[in-house]
Number of protein chains: 2
Amino acid sequence: MSRSTQQPRARRLPRDVRERQILDAAVQVFSQHGFHAASMDEVADVAGVSKPMVYTYLGSKEDLFSECIRREAKRLIDAVTEGVSTDDELAPDMLLWLGLRSFFRYVGGNRDSWTVLHRQALSVGGTFADEISEMRTRSIDLVASVVVSTGTKQGIGEQAEKSGAGLAAALVGAAESLADWWIDHPDVEEGTLASWLMNLVWLGFGDLVQGAVWRPR
Amino acid sequence: MSRSTQQPRARRLPRDVRERQILDAAVQVFSQHGFHAASMDEVADVAGVSKPMVYTYLGSKEDLFSECIRREAKRLIDAVTEGVSTDDELAPDMLLWLGLRSFFRYVGGNRDSWTVLHRQALSVGGTFADEISEMRTRSIDLVASVVVSTGTKQGIGEQAEKSGAGLAAALVGAAESLADWWIDHPDVEEGTLASWLMNLVWLGFGDLVQGAVWRPR
């Protein structure tokens with residue numbers, strides 16, 4: 001078979017573009033079917049490449065799934081980080097609001113990505129659960145550093161140092177859980193979700209920043 | 001071998017007591033080693049019974065793990081439900097406080113139980129992840145019904161109906177995530193954790209109950 005009779009598009013694209021196409025396809029297929037039921041044939045079909053090319057570029061199905069998790073985790077964290085880094089002088093409530101908006105906007109615009117990252121990765125377990133756990137730790141550390149620096153600016157740095165990481169874990173868990181709930185309640189609008197969580201946690205954080213403390217009676 | 005030479009304790013206990021011993025042992029062993037590395041020999045050893053008895057009473061390792069998840073999920077939900085059902089006339093903040101206290105008290109007093117329910121079950125995935133997901137749904141429904149009935153008493157029933165389930169999902173996720181964080185930070189005291197979360201979410205919920213709404217500027 002001469003070169004001219006081969007499909008020209010399958011040859012011409014640089015490797016990174018090709019890999020991106022395969023990963024895009026894989027996220028879609030894994031999101032729809034889960035890890036076990038997803039087939040490499042379908043990934044190749046959706047990506048418009050041959051199955052051997054999928055293996056050559058991205059390895060086994062396990063490797064491919066791992067790479068999906070890594071890429072989607074990075075995309076999610078980048079989206080949230082970018083969303084809050086527009087202005088260093090932002091008031092703390094606006095900072096939190098922008099973070100929550102960015103998170104729910106990412107999830108809303110990338111439901112396949114979130115489904116793979118959250119539901120599918122957890123339902124497979126094993127090393128994938130470890131990767132998700134690492135991503136969570138990174139997210140919590142990121143939020144904790146914002147909580148601590150905000151608390152310090154507000155003059156309650158010592159309290160923020162003590163409780164910041166725990167509060168960050170709670171906040172990340174709340175956002176994840178609400179996004180997970182959203183998968184089963186897709187009619188709720190993205191901005192509504194962000195508002196619910198903002199109202200819940202800011203009217204909380206807001207009073208904490210003033211030094212208010214609730215105590216049992 | 002005559003009956004009189006057999007270990008007498010292995011014969012005399014009723015089946016439900018024996019099953020409880022085996023499940024107690026299994027929760028401990030699964031918590032320490034995870035599902036895959038845990039051995040049925042060790043479960044039998046810790047329970048003080050023979051390995052065939054473990055299989056006869058509780059089935060395969062998968063069955064045993066499933067039964068651990070079911071029992072521990074029920075214990076956790078019962079503990080929290082009991083903790084809040086002492087008085088029907090409780091103020092809403094006290095209701096939430098008692099719920100959070102009960103939750104963290106259960107986790108603090110039953111770390112093996114929580115580790116199996118949360119970390120180990122998720123890291124195995126598959127049908128176990130489905131069982132955990134069902135438990136989460138039950139917990140969220142429970143919390144949502146409290147949020148809605150409290151909101152209705154406070155005259156904001158319509159808002160509570162709309163956002164109650166989402167807020168409940170956020171609250172359950174926050175508590176789970178903080179309890180998960182606690183596994184890696186065991187020095188923090190149980191009451192401290194409950195206070196952090198109470199301060200975060202009540203000073204939130206508290207203002208919401210007054211009809212306050214935060215809006216982006």
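Numbers restart at 1 for each chain; the letters A, B, ... are given by sequence-line order, proteins then strands. If you're wondering where the values come from, they're calculated on a predicted model, not measured in any experiment.
With chain B as the partner, the residue from A/R136, A/E176, A/R119 showing the most heavy-atom pairs under 4.5 Å is A/R136. Chain A forms more heavy-atom pairs under 4.5 Å with one residue of B/S133, B/A165, B/A175, B/A129 than with any other, namely B/A165.
Neither the backbone nor the side chain of A/D184 comes within contact range of chain B; no heavy atoms are under 4.5 Å apart. Contact annotation for B/D180: only side-chain heavy atoms (C-beta onward) come within less than 4.5 Å of a heavy atom of chain A.
Scanning both residues, B/V201 and A/L200, for their nearest heavy atoms gives O-CD1, 3.9 Å. Among all heavy-atom pairs drawn from B/G166 and A/W196, the shortest one is CA-CZ3, 3.9 Å.
Within 6.0 Å of atom NZ in A/K162, 12 or fewer heavy atoms from other residues, nucleotides or ligands are found, so the atom counts as exposed in its surroundings.
For A/S177 (side chain) and B/A169 (main-chain N/O), a donor-acceptor pair under 3.5 Å exists by modelled atom type.
Between B/L171 atom CG and A/L178 atom CG the span is 11.5 Å, to the nearest 0.5 Å.
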